[in-house]
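Below, chain A is the first sequence line, B the second, and so on; all start at residue 1. Nothing here was measured: the structure is a model prediction, and the numbers come from that model.
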Amino acid sequence: MKLSKYYLPTLKETPTDAELESHKLMLKAGMIRKVTAGVYSYLPLGFKVLKKVEEIVREEMNRAGAQEIKLPIIQPAKLWQESGRWGDFGPEMFKLSDRKENLFALGPTHEEIITDLVRNELNSYKDLPLTLYQINDKFRDEIRPRHGVMRSREFLMKDAYSFHTSQESLDETYQDMYDAYGRVFDRLGLDWVAVEAPSGLMGGGYSQEFMALADEGAEEIVVCSKCDYASNVEIAKYQTSSNEEKTDLKKTKEVATPGKETIDAVSNYLDIPSWKIVKTFIYRTDEGLVAALVGGDDDLEEMKLINHLGTPKVEMVSTESEIKEITGADFGSIGPVGLDIPIYADLDIKSLTNFTVGANKTGYHLKNVNWEKDIPNAKFINLRKVKRGDRCHNCGTKLDFHRSIEVGQLFQLGKKYSDSLEGKYQDQQGELNSYIMGCYGIGISRLVPAIIQQNYDNQGIKWTNSVTPFSMALIVLDADVSKTRKLGNKLYKGLNKRGYDVLLDDRSSSPGVKFNDADLIGIPVKIIIGPRGLDEGIIEVETRTGEKSEIGIDSGKTETILDELEQAISKPEAGTNTPV
RNA sequence: CGGGGAGUGGCGCAGCCUGGUAGCGCACCUGCUUUGGGAGCAGGGGGCCGCUGGUUCAAAUCCAGUCUCCCCGACCA
């Protein structure tokens with residue numbers, strides 16, 4: 001490609017609305033442009049990289065035995081109502097209607113559509129297992145789109161779905177997908193880790209997320225450095241403390257705590273350590289109200305409550321009037337004693353004795369509360385958020401915390417969709433069974449900023465060889481002068497013939513512009529043809545990582561120069577950017 | 001949903017307080033000179049000042065409403 005003809009509007013100044021480095025760089029490098037909040041156009045450079053990522057994903061999915069299909073973006077509301085997710089997804093879905101006022105959604109995911117497809121065609125156990133996938137645009141009306149195409153409302157995703165007659169068969173395909181994902185992310189040069197994950201709105205059972213490590217990532221994960229345990233913090237397991245207190249149970253006492261509404265305030269006022277005060281949260285669930293209790297120093301992890309209750313949604317009761325109606329007190333004084341609703345308490349506070357809780361009477365707390373005597377109906381489950389210092393539940397090693405970008409997820413869906421949508425096959429005995437399903441996503445458009453986030457410097461992007469938009473930049477200085485221009489064109493043609501995808505910078509701009517653009521857009525190798533070099537009988541090769549070499553051109557034979565060039569850029573360090 | 005900020009040529013911004021014919025830098029076009037890490041000179045094109053209404057002889061500027069975008073938060077028990 002000749003740069004003089006290429007639509008590459010690079011920016012010198014950073015657009016002010018970009019926060020994250022990958023977002024800034026994609027704008028500056030002329031890869032994307034914003035159309036409206038969370039919606040982007042891809043320009044030639046960005047689209048080229050996107051397609052390279054897409055192709056790697058496609059190759060590995062095909063290798064894993066999945067078959068590519070394409071499902072519609074427009075989906076009838078009917079199917080979503082059938083699965084019960086029309087309401088669950090709610091405002092996340094872009095909805096529209098046709099001229100007959102039928103309701104539709106722009107697909108945020110495709111479980112309904114694929115189950116519908118398969119249930120009509122696939123009736124025999126002989127046709128299972130089956131894995132289908134597509135690479136298609138998805139639409140989610142995010143609460144807050146962020147960071148360019150990292151979290152956008154229209155995005156490109158690979159989603160695969162598998163259908164099985166048994167858990168064993170699902171396990172097998174799940175493992176195949178896991179392996180395929182590993183190959184994809186390795187080929188992309190990512191520093192990644194797979195973690196246990198909540199299955200959220202997808203429903204179902206076991207799930208893992210693939211995370212690209214990045215300090216600016218939105219997701220927090222814990223990783224054990226000794227064994228192979230790794231998890232999203234939302235469901236992270238850890239060793240619960242079990243230090244039994246050997247003290248006499250004292251008599252419960254109501255104490256005035258006027259205006260003391262926070263744990264810290266109550267702790268200071270009553271001179272009680274904060275870990276001996278128990279926090280109470282009231283949640284509204286599909287099953288009615290529940291109370292959730294954690295230690296004063298701990299945070300409650302909603303996902304753990306959700307998983308335990310098995311309901312897709314819980315909502316904290318958060319208005320003054322409601323809380324007063326339920327507990328009889330204002331925020332700051334609510335507690336579990338005497339509440340006539342199910343009470344779930346964090347395992348870590350099971351061993352507490354003579355602890356303090358709100359009295360359900362504004363301005364008062366109860367001291368010396370004990371489980372059996374005062375809250376006999378409490379059920380103990382893991383409820384609190386994992387925190388620094390927690391130890392691995394497998395091996396007891398201290399857990400490491402990392403931030404990361406979610407780039408893929410595997411789900412074992414089980415029968416959630418096949419049951420609700422009547423997706424059934426006949427088994428050997430002639431009986432009807434629901435398929436057991438899995439689903440597997442990769443955020444293709446998110447992968448591009450994720451890769452950049454792990455590979456950039458002050459000059460710009462540093463592409464890995466597998467996704468670089470061009471294998472090299474052939475920079476012709478003094479391009480209006482025939483000497484350099486002629487040689488540049490010759491080498492350009494020769495390299496193209498040898499199969500390289502070369503960006504020829506034949507613009508008449510000054511050298512600095514060319515060097516900076518090549519570095520900004522992240523091309524792994526620069527080949528520099530300039531008058532100074534020609535006088536010395538050389539052209540220069542410089543990698544994006546800064547290694548320089550020279551090639552003699554005195555022979556005057558193009559093929560010889562090309563041979564030497566090929567040799568120079570095939571050196572292991574040239575143009576590679578091996579991640580840690 | 002709550003809080004903060006911003007909407008002025010493609011991009012980055014000034015002008016607004018104190019109303020009086022819309023400006024700067026980059027980018028773009030033409031010409032000449034330039035070419036090893038974002039060149040110089042000269043000339044030039046391009047803006048419903050987010051939108052609607054109001055005040056006024058006169059509104060980018062003042063007032064009201066509205067839309068959009070960005071950032072932070074979405075907790076506290």
Side-chain angles (χ1 to χ4, degrees), chain A residues 7-20 23-24 27-28 30 33-39 43 91 143-148 153 257 260-267 274 277-283 291-300 302 315-320 322-324 326-336 339 356-366 458-460 475-481 483-485 505-520 526 528-536 538-540 542 546 548:
Chain A
Y7 181 40
L8 181 74
T10 56
L11 304 174
K12 221 187 292 186
E13 288 171 290
T14 309
T16 42
D17 55 1
E19 192 79 356
L20 206 58
H23 185 196
K24 289 181 195 169
L27 290 167
K28 285 179 79 172
R33 287 291 183 266
K34 188 175 79 172
V35 176
T36 185
V39 179
L43 313 192
I143 295 176
R144 191 174 157 207
R146 237 174 280 217
H147 301 143
R153 298 197 292 174
T257 49
K260 309 298 171 196
E261 293 189 353
T262 64
I263 293 287
D264 279 350
V266 174
S267 165
S274 52
I277 305 175
V278 168
K279 292 192 229 187
T280 305
F281 299 83
I282 308 291
Y283 275 88
L293 275 46
V294 297
D297 290 340
D298 294 326
D299 291 321
L300 183 120
E302 277 185 13
E315 195 190 356
M316 187 158 58
V317 174
S318 56
T319 64
E320 291 280 351
E322 280 179 294
I323 210 75
K324 185 126 196 179
I326 295 161
T327 67
D330 291 332
F331 289 118
S333 298
I334 68 176
L339 280 187
T356 298
V357 300
N360 289 334
K361 182 171 162 191
T362 300
Y364 290 88
H365 277 73
L366 294 178
N458 288 337
Q459 299 302 308
I475 296 176
V476 181
L477 302 180
D478 239 345
D480 298 331
V481 175
K483 232 181 11 173
T484 54
R485 193 180 61 214
D505 195 342
D506 56 340
R507 298 174 297 178
S508 58
S509 11
S510 64
V513 172
K514 299 184 181 192
F515 295 142
N516 283 320
D517 273 348
D519 290 344
L520 172 64
K526 294 194 287 285
I528 301 149
I529 304 172
R532 204 170 75 188
L534 294 198
D535 286 347
E536 298 169 30
I538 56 143
I539 59 178
E540 294 144 83
E542 189 182 331
K548 296 179 189 180

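Within the nucleic acid shown, A:Ile263 comes within 4.0 Å of sugar-phosphate atoms alone, with no base atom in reach, counting heavy atoms only. Residue-level contact check: A:Thr327 touches neither bases nor backbone, having no heavy atom under 4.0 Å from any strand. Base contact: A:Gly533 has a heavy atom under 4.0 Å from a base atom. Heavy atoms of A:Gly358 sit nowhere under 4.0 angstrom from any nucleic acid atom. A:Lys34 comes within 4.0 angstrom of the backbone, heavy atoms only, and of no base. Using a 4.0 Å heavy-atom criterion, one finds that A:Glu540 contacts the bases of the nucleic acid, with or without backbone contacts as well. At the heavy-atom level, A:Val317 lies under 4.0 Å from base atoms of the strands shown. Counting any heavy atom pair closer than 4.0 Å across all strands shown, A:Asp478 reaches a base atom. Using a 4.0 Å heavy-atom distance criterion, A:Asp330 is classed as making no nucleic acid contact. Nucleic acid contact class of A:Thr16 (heavy atoms, under 4.0 Å, all strands): sugar-phosphate only.
Taking the side chain of A:Lys12 as heavy atoms from C-beta on, and the options B:C26, B:C69, B:C75, the nearest nucleotide is B:C26. Set against B:U68, B:A77, B:G38, the side chain of A:Asn516 has B:G38 as its closest nucleotide. Of the listed nucleotides (B:A74, B:G37, B:A39), B:G37 has the atom at the smallest distance from the side chain of A:Glu542. In this structure, of B:G36, B:C69, B:G38, it is B:G36 that holds the atom nearest to the side chain of A:Ile528. Taking the side chain of A:Asp480 as heavy atoms from C-beta on, and the options B:A74, B:U34, B:A77, the nearest nucleotide is B:U34. When the nucleotides B:G37, B:C1, B:C76 are ranked by their closest atom to the side chain of A:Thr262, B:C76 comes out on top. Relative to the side chain of A:Arg146, the nucleotides B:A74, B:A77, B:G37 differ in distance, and B:A74 lies closest. Distances were taken from every side-chain heavy atom of A:Met316 (C-beta onward) to each of B:G37, B:C71, B:C76; the shortest belongs to B:C76.
Comparing the C1' positions of B:U68 and B:C76 gives a spacing of 32 Å, expressed to the nearest Å. For the P atoms, the distance from B:U61 to B:A74 is 37 Å, rounded to whole Å. The separation of B:C62 from B:C57, taken at their C1' atoms, amounts to 16 Å, rounded to a whole angstrom. B:C26 and B:G40: their C1' atoms are spaced 16 Å apart (whole Å). Separating the P atom of B:G36 from that of B:G45 is a span of 33 Å, rounded to the nearest Å. Distance noted for atom C1' between B:A14 and B:G23: 7 Å (whole Å). Of the P atoms belonging to B:G20 and B:C63, the separation is 15 Å, rounded to the nearest Å. Nucleotides B:G65 and B:G2 are separated by 16 Å at their P atoms, to the nearest Å.
Mapping A:Leu520 and A:Ser333 onto RNA chain B by nearest heavy atom places A:Leu520 at the nucleotide closer to the 5' end. Residues A:Leu477 and A:Ile323 each lie close to RNA chain B; by heavy-atom proximity, the contact nearer the 5' end of the strand is made by A:Leu477.
Ion pairing between A:Arg485 and A:Asp478 fails under the 4.0 Å rule for side-chain N and carboxylate O. For the pair A:Asp330 and A:Lys324, the salt-bridge criterion is met [side-chain N within less than 4.0 Å of a carboxylate O]. Ion pairing of A:Asp535 with A:Lys483 is present here, as a side-chain N (NZ or NE/NH1/NH2) and a carboxylate O approach within less than 4.0 Å. Using a cut-off of 4.0 Å between Lys/Arg side-chain N and Asp/Glu carboxylate O, A:Lys34 and A:Asp17 are scored as salt-bridged.
In this structure, the separation between CZ on A:Phe515 and CD1 on A:Ile475 is 5.5 Å, given to the nearest 0.5 Å. Remark: A:Ser267 OG to A:Ile277 CD1 distance equals 5.0 Å, nearest 0.5 Å.
Here the C1' atom of nucleotide B:U35 and the CZ atom of A:Arg532 are 12 Å apart, to the nearest Å. What separates CD of A:Glu261 from P of B:C76 is a distance of 13 Å, to the nearest Å. Taking atom CG on A:Asp17 and atom P on B:G12, their separation rounds to 7 Å, with Å as the unit. Whole-Å rounding puts the A:Glu13 CD to B:C24 P distance at 16 Å. With rounding to whole Å, A:Leu8 atom CG is found 15 Å from B:A27 atom P. For the pair A:Asp517 CG and B:A27 P, the interatomic distance rounds to 12 Å; values are reported in whole Å. In this structure, the NZ atom of A:Lys24 is 13 Å from the C1' atom of B:C71, given to the nearest Å. Taking atom CG of A:Leu293 as the reference point, atom C1' of B:A77 lies 10 Å away to the nearest angstrom.
Phosphate proximity of B:U35 to A:Ser510: absent, as no side-chain N or O sits under 4.0 Å from OP1 or OP2.
Pairing for B:G7 goes to B:C67, judged as Watson-Crick or G-U wobble with the two contacts each under 3.5 Å. Under the Watson-Crick or G-U wobble criterion, with both distances below 3.5 Å, B:C32 is paired with B:G40. Nucleotide B:G73 forms a pair with B:C1, judged by Watson-Crick or G-U wobble geometry with both contacts under 3.5 Å. Of the nucleotides present, none pairs with B:U61 by Watson-Crick or G-U wobble criteria with both distances under 3.5 Å. Using N1 to N3 plus N6-O4 or O6-N4 for Watson-Crick, or N1-O2 and O6-N3 for G-U wobble, each under 3.5 Å, B:C24 pairs with B:G12. Across all strands shown, B:C17 forms no Watson-Crick or G-U wobble pair with both distances under 3.5 Å.
Using a 4.5 Å cut-off on side-chain heavy atoms (C-beta onward), A:Ile282 and A:Ile334 make contact. Contact annotation: the side chain of A:Lys514 approaches that of A:Ser509 to within less than 4.5 Å [non-hydrogen atoms, C-beta and beyond]. Between A:Arg507 and A:Val513 the shortest side-chain heavy-atom distance falls below 4.5 Å.
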